[in-house]
Amino acid sequence: MMCLFSARTELLPHTDAELHRAPGQQLRDMAAGMTRSWNPLLGSIIALWQPESVFPLTIRSSVPLTPWPTSTVTLLGDAIHAMSPAVGVGANTALRDALALATQLGKAARGADLVSSLHAYEADMTAYGFDAVRTSARYGQQRIGQAPLPDPTS
Ligand SMILES: Cc1cc2nc3c(=O)[nH]c(=O)nc-3n(C[C@H](O)[C@H](O)[C@H](O)COP(=O)(O)OP(=O)(O)OC[C@H]3O[C@@H](n4cnc5c(N)ncnc54)[C@H](O)[C@@H]3O)c2cc1C
């Protein structure tokens, strides 16, 4: 079972670097302090956290990209479409990439042009991958208060 306290960086009393250096007890005390005015039952759960099991996690989202010229170097998974965990589809999307890429590499192995095969993979992957990034960002805004993605028109 995982118990998660999350907040936007600017609402936290410490920088990312300080959080990653802080012992578990300090992290637990920070979560307890920031939720002191909430339902006391929550405070009693936080008080039970074992300090050695508490760790910080910095979560960032990618921003959808416009297409780039395909080469023989490509990307998959979080390396291209890291997303908020609010919907829980990052690993699922990485596995979908693996299947899509393997399918295109199979076509290249059977004689299709390699760069054209990789281009087909990238066109497919960026469409569903960045859709997942946008959906995750939307839910992340609603559920865990994350910042919205930048407006693509500005
Ligand atoms: C709190 C949280 C909850 C999540 N819940 C879900 C969920 O419920 N469902 C879901 O689908 N997804 C979930 N995700 C997202 C999921 O964890 C990621 O999308 C997924 O792990 C991405 O897989 P990946 O293989 O692309 O990258 P990673 O899992 O990051 O794998 C990359 C690997 O490369 C290694 N590496 C990095 N640099 C080098 C190097 N130079 N040389 C060699 N190795 C290197 C890293 O150590 C790592 O092992 C969650 C994420 C978070 C943070």
Side-chain angles (χ1 to χ4, degrees), residues 1-35 38 42-43 45-109 114-115 117-150 152:
M1 193 176 98
M2 180 173 74
C3 190
L4 186 76
F5 169 78
S6 75
R8 279 163 66 163
T9 300
E10 65 269 25
L11 300 176
L12 295 170
H14 302 291
T15 63
D16 278 6
E18 288 167 347
L19 291 172
H20 283 270
R21 277 197 305 269
Q25 176 128 10
Q26 187 184 337
L27 297 171
R28 186 184 68 184
D29 292 348
M30 183 192 78
M34 291 184 73
T35 54
W38 299 12
L42 184 73
I45 293 174
I46 294 175
L48 290 170
W49 287 359
Q50 293 171 340
E52 62 279 12
S53 71
V54 183
F55 61 92
L57 197 55
T58 305
I59 294 178
R60 296 190 178 88
S61 174
S62 61
V63 172
L65 298 173
T66 49
W68 60 90
T70 300
S71 72
T72 50
V73 176
T74 195
L75 295 162
L76 73 164
D78 277 13
I80 176 70
H81 47 54
M83 62 192 82
S84 162
V87 187
V89 296
N92 289 281
T93 310
L95 289 170
R96 183 171 175 182
D97 295 349
L99 175 63
L101 180 57
T103 303
Q104 290 300 334
L105 289 176
K107 288 182 185 170
L114 176 61
V115 172
S117 299
L118 289 175
H119 183 74
Y121 158 70
E122 287 172 354
D124 192 25
M125 174 275 289
T126 50
Y128 64 70
F130 290 134
D131 273 353
V133 168
R134 288 187 202 92
T135 305
S136 298
R138 206 167 54 246
Y139 277 74
Q141 249 180 291
Q142 291 167 358
R143 294 178 185 174
I144 53 175
Q146 79 175 65
L149 290 176

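Both counts, for ligands and for their atoms, begin at 1 and track the order of listing.
Contact annotation: for T93 versus ligand 1, there are no heavy atoms closer than 4.0 Å. When non-hydrogen atoms are compared, ligand 1 lies under 4.0 Å from the backbone of N92 as well as from its side chain.
Shortest contact from atom 2 (C) of ligand 1 to any protein heavy atom: P85 CB, 3.6 Å. Closest to atom 25 (O) of ligand 1 among all protein heavy atoms lies A94 CB, 4.8 Å. Protein heavy atom nearest atom 6 (C) of ligand 1, with residue, atom name and distance: G88 CA, 3.9 Å. With respect to atom 17 (O) of ligand 1, the closest heavy atom belonging to the protein is A91 CB, 4.7 Å. Among protein heavy atoms, atom 19 (O) of ligand 1 sits closest to D78 OD1, 2.8 Å.
For atom 32 (C) of ligand 1, the nearest protein heavy atom lies 4.0 Å or farther away. In this structure, atom 43 (C) of ligand 1 has no protein heavy-atom contact shorter than 4.0 Å. Within the 4.0 Å cut-off (strictly below), no protein heavy atom is located near atom 48 (C) of ligand 1.
Taken from CG in L27 to CD1 in I46, the straight-line distance is 12.0 Å, to the nearest 0.5 Å.
Set against the non-hydrogen atoms of L57, the atoms of ligand 1 under 4.0 Å away are 1 (C), 53 (C). Under a 4.0 Å criterion applied to the non-hydrogen atoms of G77, ligand 1 contributes the atoms 26 (O).
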Side-chain donor-acceptor pairs under 3.5 Å in residues 2-9, sequence neighbours left out?
from: R8; atom 1: NE; to: E10; atom 2: OE2; distance (Å): 3.0
from: R8; atom 1: NH2; to: E10; atom 2: OE2; distance (Å): 3.0

Stepwise side chain to side chain contact (heavy atoms under 4.5 Å, CB included) test for E122 and I80: CA-CA 10 Å; E122 287 172 354; I80 176 70; over 6 Å; no

